[in-house]
Amino acid sequence: MVVVVVVASLALFALLAFGPFSIFYSNPLVTCRQAEQVPQLHFLASRRHRFPATKKGEESCLGDRPLEKDSNAITRGGNYFQSMSMASSSFSGSGNALMWFRKGLRIHDNPALECASRGVTGGGFLYPVFVIDPHYMEPDPRASSPGSSRAGLNRIRFLLESLKDLDLSLRKLGSRLLVMKGEPGEVLINCLKQWKVEKLCFEYDTDPYYQQLDMRVKDYASAARIEVFSPVSHTLFNPADIIQKNGGRPPVSYQSFLKLAGEPSWASSPLMTIFPSLPSVGDVGSSQIVEVPTLEELGYVDIEMELPPFRGGESEGLKRLREAISNEKWVATFEKPKGDPSAFLRPATTTLSPYLKFGCVSSRYFYQCIQDVYTRNKKHTSPPVSLLGQLLWRDFFYTVAFGTPNFDQMRGNKICKQIPWNDNDELLTAWREAKTGYPWIDAIMTQLHKWGWMHHLARHCVACFLTRGDLFVHWEKGRDVFERLLIDSDWAINSGNWMWLSCSSFFYQYNRIYSPISFGKKYDPNGNYIRHFLPILKDMPKEYIYEPWTAPLSVQTKAKCIIGKDYPKPMVSHDSASKDCKQKLAAAYELNKKLNGVVSEEDLKVLQRKLDATCDSVLNPVHSHSSSGAKRQRRS
DNA sequence: AGTACGTTGTCGGG
DNA sequence: CCCGACAACGTACT
């Protein structure tokens, strides 16, 4: 199941993680004609699938090539049944195949499903399985907001909706989704045994959680002589290929990644398939099969939460993709940094990131759709800022993460600067709970709670504020909050972006700090975004809405919002806090340089003590936001 | 050793 | 809207 092992979307993190993808919501300007201008669908049956050349149960440990390069293997209008019978000649036994869904919750461009369908032989059956891990899905009463210990309610809902949609699509093809509960590895191995499965298919996954889980399952399959097919289809490229091309080390800059990556092998091959039907599902024996559960059935009762503007599933994802793509001028001129992070009625990006995260939409199909628009619009933007560039960022982070041990933490991570971040839970909690006293920051964090999604640049602002800009809290802490709450949170992209924003890796210009006051103001001078997500401030005059503590008491009274009572005072003064942060970063960089990146725990402690003495730090405000905030206010 | 470059800073001035 | 100052990092390449 989709348990991500380490709690990690910066969207920018999500970039995608920090949500890189955007789409308009319903765009009334999209016509049917435009919507159809996407690459043609092709029949699955037409393609002769080649099974991996490696031995049974061993292939795919590093992931197979996503698709054969040989486009001759792909012809239109082939005969489904013919190809099935071809496959059957090479098998004997039960002829049963199992398709294990984890991410990749889609029918289109799904090589593992194709292979599973083709792998059914004789009178065999196809078992499409999804395993719900209770740790990932069931309520944790101790969590800081509704949801499980690992996932916020918004992502759990999105996943359930995606499963429901997948089940519906499978049923239309004469199959269904077999939902089971339990520890995924255990459940799956049990299925393989009980159902006499001879072929196991699932999408290859680079996340450490799956690396470990899949190893276990593959070991069992190998011992039981079950054939395993595990294609790379979540990303554009196989991260292992890129790392190999670079002499075994992942590229650490986007530009070098681009050079190594080049064009994907399948760039002009048809990826879309239509299944006329799927092999039927066999007897499930004593296995406990459930319908896709509702939130209530999982134990989420009496929770009042407004619905975020994202419905999960392949159907909705493809609809949004077509809407986004149909606006060709928008696609061709897309420049990520020019988007407006305060736009919420109509976000400035595709908002496809949640769909890419769960694989409801294929990133490869998205890639081809964009290229298709580019062929008709010769003048278009380029990576890193273009729409295509956003997809490549996603692959960039997947590649670096896959090739970097301990990528999701500072310690033991070779590409991560060792910095003496503080471990102050009070600062972290105020940030997480949208109580920093900076309306721009608190509005963004509120959007995170309510929607499970914010614009990429909004993610930048709050990540910078928590780490190198103001609070100097460890980036891993903020990453964990994003990881749980973002619908699109993604292990590689989220940690990558947090390192980026905290100047721990990839980006190092620590003097460039987002102002929690001016940055939002330049996009949204009236503060509409703040008024929407922080209704307590809705009547604050625009002159004060970004800095309500500067409003005269009479104005606060009239706006029915007394600062310090109805809305918090700023927890730190940005001017002095950011100066302290810069000083600390400079000292930490110096130490890293001196020790050539090999900084011990003790070295960091010594530096921290030294910095605490020299900086008027925000690290010890134990008794209060207001008093330390007030103190700082006086100094400035 | 030196140079160019790097998806998305802020502020003040023209 | 664009400019430079601010203060100055690392990576990649020559």
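Naming convention: chains lettered A, B, ... in sequence-line order (proteins, then strands); numbering from 1 in each chain.
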> Suppose you measure atom P in B:dT7 against the same atom in C:dC13; what distance do you get, rounded to whole Å?
13 Å

> Between OG of A:S363 and CD1 of A:I370, what distance do you get to the nearest 0.5 Å?
10.0 Å

> Could you tell me how far apart A:Q583 (CD) and C:dA8 (P) are, to the nearest whole angstrom?
11 Å

> Given C:dA7, B:dT8, C:dA12, identify the nucleotide with an atom nearest to the side chain of A:S253.
C:dA12

> If you take the centroid of each ring, where Trp contributes its six-membered ring, are A:Y355 and A:F158 closer together than 6.0 Å?
yes

> Does B:dC11 have its OP1 or OP2 closer than 4.0 Å to a side-chain nitrogen or oxygen of A:S518?
yes

> For the pair made of CZ in A:R468 and P in B:dT10, what is the distance, rounded to whole Å?
10 Å

> If we take the P atom in both B:dC5 and C:dG4, what is their distance in whole Å?
15 Å

> Does A:R459 come within less than 4.0 Å of A:D488, counting only side-chain N to carboxylate O?
yes

> In whole angstrom, give me the gap between the C1' atoms of B:dG6 and C:dA8.
13 Å

> Nearest to the A:W393 side chain among C:dG10, B:dG9, B:dT7, which nucleotide is it?
B:dT7

> Can you measure A:L258 atom CG to C:dC13 atom P for me and round it to whole angstrom units?
12 Å

> Mark this stacking check for A:Y510 against C:dC9 as yes or no, applying ring centres under 5.5 Å and ring planes under 30°.
no

> Just checking A:F506: base, sugar-phosphate only, or nothing, at a heavy-atom cut-off of under 4.0 Å?
nothing

> Any Lys/Arg nitrogen of A:K605 or A:E601 sitting under 4.0 Å from an Asp/Glu carboxylate oxygen of the other?
no

> Grab the CG-P distance between A:D395 and B:dT7 for me, whole Å please.
16 Å

> If I take atom CH2 in residue A:W440 and atom P in nucleotide B:dG9, what distance separates them, rounded to the nearest angstrom?
14 Å

> Just checking A:Q255: base, sugar-phosphate only, or nothing, at a heavy-atom cut-off of under 4.0 Å?
sugar-phosphate

> Please list every stem that involves DNA chain B, where a stem is a run of 3 or more consecutive Watson-Crick or G-U wobble pairs with both pairing distances under 3.5 Å.
B:1-6 with C:9-14, B:9-14 with C:1-6

> Would you indicate, yes or no, if B:dG9 has its OP1 or OP2 atom less than 4.0 angstrom from a side-chain nitrogen or oxygen of A:K522?
no

> Whole Å only: how far is the NZ atom of A:K336 from the P atom of B:dT8?
12 Å

> Whole angstrom is fine here: how far is it from CG in A:L260 over to C1' in C:dA12?
13 Å

> Keeping the roles fixed (side chain from A:Q447, backbone from A:M454), state whether a donor-acceptor pair exists under 3.5 Å.
no

> So does A:A588 get a backbone contact from the side chain of A:N592, meaning a donor-acceptor N/O pair under 3.5 Å?
yes

> May I have the distance from A:K417 (atom NZ) to C:dG10 (atom C1'), rounded to whole angstrom?
7 Å

> Of the nucleotides B:dT7, C:dT11, C:dG10, which one has an atom closest to the side chain of A:W500?
B:dT7

> Given C:dT11, B:dT8, C:dC9, identify the nucleotide with an atom nearest to the side chain of A:Q509.
C:dC9

> Starting the side chain at C-beta, find the nucleotide from C:dT11, B:dT8, B:dT7 nearest to A:Y508.
C:dT11

> Is the ring centre of A:Y398 less than 6.0 Å from the ring centre of A:F402?
no

> Contact class for A:K521 (heavy atom, under 4.0 Å): base, sugar-phosphate, or nothing?
nothing

> Distance check, rounded to the nearest 0.5 Å: A:L271 atom CG versus A:Y367 atom OH?
11.0 Å

